[in-house]
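Worksheet: one structure, shown below.
In this chain, numbering begins with 1 at the start of the sequence shown. What you see is a predicted model, and the numbers here were worked out from it, not measured in a lab.
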Amino acid sequence: MARIGVVTISDGRDHVHARNTDFIQSKQDALVRSLRDAGHEVVVGDDLVATNALATSVSRRVAAADVDVTVFYYTVWAFPHFTMLAADATRSPLVLVASTDPTEPGLVGMLAAGGALDQIGRPHTRAWGAPDDAELVEKIGVQAAASAAVKSLRGSTFGRFGGRPMGMNTTVANTDQWMREFGIDVEEIDQYELILRADKADAGEARKAREWIEQNAAGVHYDGKKLTPELLERQLRAYLAIRDIIAERNLDFTGIKAQPELTENFATMDVTEAFLNDPYDWNGPKEPHICATEADMDGALTMQLFKAISGTPVLFADVRHYHADRDIWDLCNSGQHATWYAARSDDPAENLAKVNFYPEVFFFPAGGASVQHIAAPGQMTLGRLTRENGEYRFQLMLGEFESYDDATNKVLVDQSTPEWPHAFARLDAPGELFLSKFGANHIHAIPGDHRPALRAVAEQLGVRLDEWTRG
């Protein structure tokens, strides 16, 4: 959960503040208790703000705790200049919260403070309600989660293995812009480093991994040419190699170009990328590491934010085909979906029981395994950060993954590339609008409806939100 600062602002007249102190304190205690009951860490100001000096000192101490968001709480009429001083003392996003108890003018205090912040252009959001109101606590939590996600980008490093794949402009971002807008550094790493390190990786560990896959997967379909035990182990050694590089260079998220150099001369990176994005491997649970195929920088950036909001692996896919007769999109790419999406289970065996490892197709002469499954059904949040005329925009929508009987699934996958993974998605966006306006061939998804937090992310990043719905 998030770390939330609470600064409660009062009336600047001594006699009025003294009269209201118990009332204000009781409301603050109730709000703090509600936030903590929701699982948040709360940093409470060490005094009620009733002077200009306290406005600065209290807020500075809360800010020093590195909170994700700061709540300015109004339970009574509060002098607006206290808010201005307090806002200047903190750099976190602000949520102005008003008590709706009609016995005191908390709403008046919030509106006066909010108007003053508007006049100087200080962004903030506003919320109101009783301190134990679940909807109010959720609104504060959404802003805090968004802030934590945005803050997690700053000071992070993206490792890009290789450059632009197959002329795909949308996979390459301006590194200066990334540092300026998001605080992200980009470490450029030649793919030859992967080959060298993979050759030196622990052969026994790769064999152990292969045997684990063979024991747990729905099938490993060796053909003696494009997929052999040796080729699968080569892919797994690449996984071990990139794990070592990630640790050595302190990489927070990555992308691998792969095409065409690795896919024509070494092996596909599908197995490597799938298990990086998974919350487990043959050694047990682990933190998912965002890795985008085709070294897609904006895709990886989207996935990193999605992971920070949801806490789950993130789907990476091509927008392969629109089945207009069903109003269903086939989200399918070259075998890289995290295996977790096959069943979305905490048990790797349950997911892998639905995953097949097939020989790669003609696109990839070097061979290796693709990671094939049909994504489990359920509500999904989908979207991507894209750029228009050099400026970022967040294209966001809700959708539903669907799955059908075996015969229908076979008909659908056979129309594209059956050896690759598929997610059959019904999007809350008209097909014509999506195809006319979506700014990339890659799309990303996480389970559940996370649109409120992602709207807040877009606002805090200062990027345009393009949210698509029907009707």
Is a donor from one side chain sitting under 3.5 angstrom from an acceptor on the other, for [X] and [Y]?
X      : Y      : value
Arg344 : Thr312 : no
Thr339 : Asn351 : no
Arg320 : Asn333 : no
Glu205 : Asn283 : yes
Thr171 : Glu294 : no
Ser59  : Thr90  : no
Asp330 : Tyr322 : no
His442 : Asp318 : yes

[X] side chain near [Y] side chain, heavy-atom distance below 4.5 Å:
X      : Y      : result
Tyr392 : Asp298 : yes
Gln215 : Trp282 : no
Val413 : Phe424 : yes

Next item on the list: Test Arg36 against every option in Val137, Leu31, Val42, Ile4 by the side-chain contact (heavy atoms from CB on, under 4.5 Å) rule and name the one that passes.
Entry: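 Between Arg36 and the candidates, side-chain contact (heavy atoms from CB on, under 4.5 Å) is satisfied uniquely by Val42.
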Next item on the list: Rounded to the nearest 0.5 Å, what's the gap from NE2 on His289 to CD1 on Ile242? Could you check?
Entry: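 Here the rounded value is 6.0 Å.
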Check: NZ/Lys226 to CZ/Phe362 distance, rounded to the nearest 0.5 angstrom?
Finding: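 Here the rounded value is 9.0 Å.
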Next item on the list: Apply salt bridge (charged side-chain N to carboxylate O under 4.0 Å, His left out) to the pair Asp68 and Lys151, showing each step before the final yes or no.
Entry: CA-CA 8 Å; Asp68 296 313; Lys151 189 170 68 173; 2.8 Å; yes
Notebook entry, point to check: Is Arg126 paired with Asp118 through a side-chain N to carboxylate O contact shorter than 4.0 Å?
Noted result: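 Result for this pair is yes, salt bridge flagged.
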Notebook entry, point to check: So, Glu214 and Arg210, do they make that salt bridge, N to O below 4.0 Å?
Noted result: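 Salt bridge between Glu214 and Arg210, a charged N being under 4.0 Å from a carboxylate O: yes.
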Next item on the list: Would you check, one step at a time, whether the test salt bridge (charged side-chain N to carboxylate O under 4.0 Å, His left out) holds for Asp244 with Lys200?
Entry: CA-CA 11 Å; Asp244 285 346; Lys200 298 174 183 177; over 6 Å; no
Checklist line | Step-by-step salt bridge (charged side-chain N to carboxylate O under 4.0 Å, His left out) determination, Glu400 to Arg426 | finding: CA-CA 5 Å; Glu400 192 87 15; Arg426 189 177 301 277; over 6 Å; no
Next item on the list: Output, in order, the C-alpha distance, side-chain angles, deciding distance and verdict of salt bridge (charged side-chain N to carboxylate O under 4.0 Å, His left out) for Glu402 and Arg326.
Entry: CA-CA 11 Å; Glu402 297 186 359; Arg326 294 176 174 268; over 6 Å; no
Note to self: Ring-plane angle category for Trp178 and Phe158, please: parallel below 30°, perpendicular beyond 60°, tilted otherwise.
What the structure shows: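 Geometry flag for Phe158 against Trp178: perpendicular rings.
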Notebook entry, point to check: Around Asp223, counting heavy atoms of other residues, nucleotides and ligands shown, do more than 12 lie under 6.0 Å from its CG?
Noted result: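 Counting other residues, nucleotides and ligands, CG of Asp223 exceeds 12 neighbours.
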Notebook entry, point to check: Do other residues, nucleotides or ligands put more than 12 heavy atoms under 6.0 Å from the CZ atom of Arg122?
Noted result: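 Counting other residues, nucleotides and ligands, CZ of Arg122 exceeds 12 neighbours.
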Item checked: Gln395 side chain to Lys437 backbone, donor-acceptor under 3.5 Å ->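 Side chain of Gln395 to backbone of Lys437, a donor-acceptor pair under 3.5 Å: yes, one is there.
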